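This one's a predicted model, so the numbers in the text were calculated from it and none came from an experiment. Hydrogens, waters and symmetry mates are skipped; everything else that's a heavy atom, side chains included, is used.
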Amino acid sequence: MPLRPLVLLPNPLLKTVSVPVAQIDDEVRRLATDMLETMYDALGIGLAAIQIGIARRMIVLDVSREEDKREPRVLINPEIVWQSEERRVYEEGCLSIPDYSEDVERPDMVRVRYLTLDGQVEELEADGLLSTCLQHEIDHLNGILFIDHLSRLKRDRVMTKFTKAARRKGTA
Ligand SMILES: [Zn+2]
């Protein structure tokens, strides 16, 4: 299965609000496989379709962190249906913002409703790393990056750094 190139900051595609997947067909199943391959290859724990330039509401994750015990998850049209009042801080990174991480505060627990690749409606209640990862990836579907949760000063600093780097490489 082909690896897909990652969309990197400051590419405006990352600001896109993705559209729901209307039908789970072979193309969607292929896309899910490619997304997982691309995520594993980049040593990520989550990936949204828009990060490979596809504006559809699909995310993949695997927070197991053990290569011999992979737990791939594919969530189609995921939505947060409940979140805890308690919040926690976790250091986040993003495959679209390489070599940068920062503490982000989010709800501690979430319940997410989504479609499986078989078209079944399922719910997943998560805390810890899985909860953070779900919220981070669902944000991507709404054009929101983890740096959007930081102070304007920090966000501007990151944007400037990546914009300059892209200009040097001639990609922006
Ligand atoms: Zn991300």
d(Glu92 CD, Thr132 OG1) to nearest 0.5 Å is 5.5 Å
I want to check something: taking the side chain as every heavy atom from C-beta on, are Val28 and Arg56 in contact at a cut-off of under 4.5 Å?
yes
Thr38 (side chain) donor-acceptor with Leu3 (main chain) under 3.5 angstrom = no
- Query: Quick check: does any side chain N or O of Gln135 sit under 3.5 Å from a backbone N or O of Pro107, one acting as donor and the other as acceptor?
  - Reply: yes
**Prompt:** Any side-chain donor paired with an acceptor under 3.5 Å for Glu79 and Tyr114?
**Reply:** no
Quiz item: Between Phe162 and Met159, is there a shared hydrophobic cluster once you connect ILVMFWY residues whose side-chain heavy atoms come closer than 4.5 Å?
Solution: yes
- Same hydrophobic cluster for Leu129 and Val104, using side-chain heavy-atom links shorter than 4.5 Å among ILVMFWY? no
What verdict does the side chain to side chain contact (heavy atoms under 4.5 Å, CB included) test give for Glu122 and Leu75, after you've listed the backbone C-alpha separation in whole Å, the side-chain angles of each residue and the deciding distance to 0.1 Å?
CA-CA 9 Å; Glu122 285 190 6; Leu75 283 74; over 6 Å; no
If you define the side chain from C-beta out and look only at heavy atoms, does anything of Arg155 sit under 4.5 Å from Asp148? yes
One should read off an interatomic distance between Asp26 CG and Arg30 CZ, to the nearest 0.5 angstrom, of 6.0 Å
Are Val63 and Met109 grouped together when hydrophobic residues (ILVMFWY) are joined by side-chain heavy atoms under 4.5 angstrom apart?
no
Lys NZ or Arg CZ of Arg70 over Tyr40 ring: under 6.0 Å, within 45°
yes
Sorted by chain and residue number, the side chain to side chain donor-acceptor pair (under 3.5 Å) partners of Asp127 (sequence neighbours excluded) come out as none
field: Lys/Arg N to Asp/Glu carboxylate O, Glu137 vs Arg57, below 4.0 Å
entry: no
Handout entry: Non-hydrogen side-chain atoms of Ile50 and Val7 separated by less than 4.5 Å
Key = no
Rounded to the nearest 0.5 angstrom, the CG-CD1 distance for Leu95 and Ile45 is 9.0 Å
- Query: Is a side-chain donor-acceptor pair under 3.5 Å present for Ser101 with Glu91?
  - Reply: yes
His140 meets the ring pair (Phe, Tyr, Trp, His ring centres under 6.0 Å) criterion, sequence neighbours left out, with His136
- Item | Polar contact flag, side-chain donor to acceptor under 3.5 angstrom, Thr33-Glu37 | no
Ion pair present between Asp108 and Arg87, side-chain N to carboxylate O less than 4.0 angstrom?
no
Any salt bridge linking Lys161 with Asp156? Criterion: basic side-chain nitrogen under 4.0 Å from a carboxylate oxygen. no
_Strictly below 4.0 Å, N to O, side chains only: are Lys154 and Glu102 in salt-bridge contact?_
yes
Say whether Met58 and Val60 are linked into one hydrophobic cluster, either directly or through other cluster members, by side-chain heavy-atom distances under 4.5 angstrom. yes
Just checking Glu86: does its CD atom have more than 12 heavy atoms from other residues, nucleotides or ligands closer to it than 6.0 angstrom?
no
So does Leu9 get a backbone contact from the side chain of Ser96, meaning a donor-acceptor N/O pair under 3.5 Å? no
_Side chain to side chain, Leu124 and Arg73, heavy atoms closer than 4.5 Å_ = yes
task = Examine distances only and state if a side-chain atom of Asn11 and a backbone atom of Leu13 form a donor-acceptor pair shorter than 3.5 Å.
result = yes
- Task: Would you sort out whether Ile147 and Tyr100 count as a side chain to side chain contact (heavy atoms under 4.5 Å, CB included), showing the intermediate values?
- Result: CA-CA 10 Å; Ile147 57 171; Tyr100 179 77; 3.9 Å; yes
Interatomic distance, CG@Leu6 vs CG@Asp41, rounded to 0.5 Å, equals 8.5 Å
- Query: Would you say the side chain of Val112 lies within less than 4.5 Å of the side chain of Trp82, judging by non-hydrogen atoms?
  - Reply: no
Q: State, yes or no, whether a side-chain contact exists between Leu31 and Glu27 at a heavy-atom distance under 4.5 Å.
A: no
Is the shortest heavy-atom distance from the side chain of Pro78 to the side chain of Ile59 under 4.5 Å? yes
Across all chains, not counting sequence neighbours, the salt bridge (Lys or Arg N to Asp or Glu O under 4.0 Å) partners of Asp62 are none
CG of Asn142 to CD1 of Ile138, rounded to nearest 0.5 Å, is 8.5 Å
Margin query: I'd like to know if the side chain of Asn77 reaches the main chain of Val21, judged simply by a donor and an acceptor atom lying under 3.5 Å from each other, with no hydrogens or angles considered.
Written below: yes
**Message:** Just so I know, are the side chains of Thr163 and Thr160 near enough to count as touching, which here means a heavy-atom distance under 4.5 Å?
**Reply:** no
Between the OG1 atom in Thr16 and the CD1 atom in Ile54, the distance rounded to the nearest 0.5 Å is 11.5 Å
- Message: Has Gln51 got a side-chain atom pairing as donor or acceptor with Ala48's backbone, closer than 3.5 angstrom?
- Response: yes
| Is it the case that one hydrophobic cluster holds both Met39 and Leu8, taking links as side-chain heavy atoms less than 4.5 Å apart, direct or via other members? | yes
Open item on the list: Assess, by modelled atom type and distance only, whether the side chains of Arg106 and Ser131 contain a donor and an acceptor separated by less than 3.5 Å.
Closed with: no
Paired with Leu47, the side-chain contact (heavy atoms from CB on, under 4.5 Å) test is passed by just one of Asp34, Ile52, Leu36, Leu61, namely Ile52
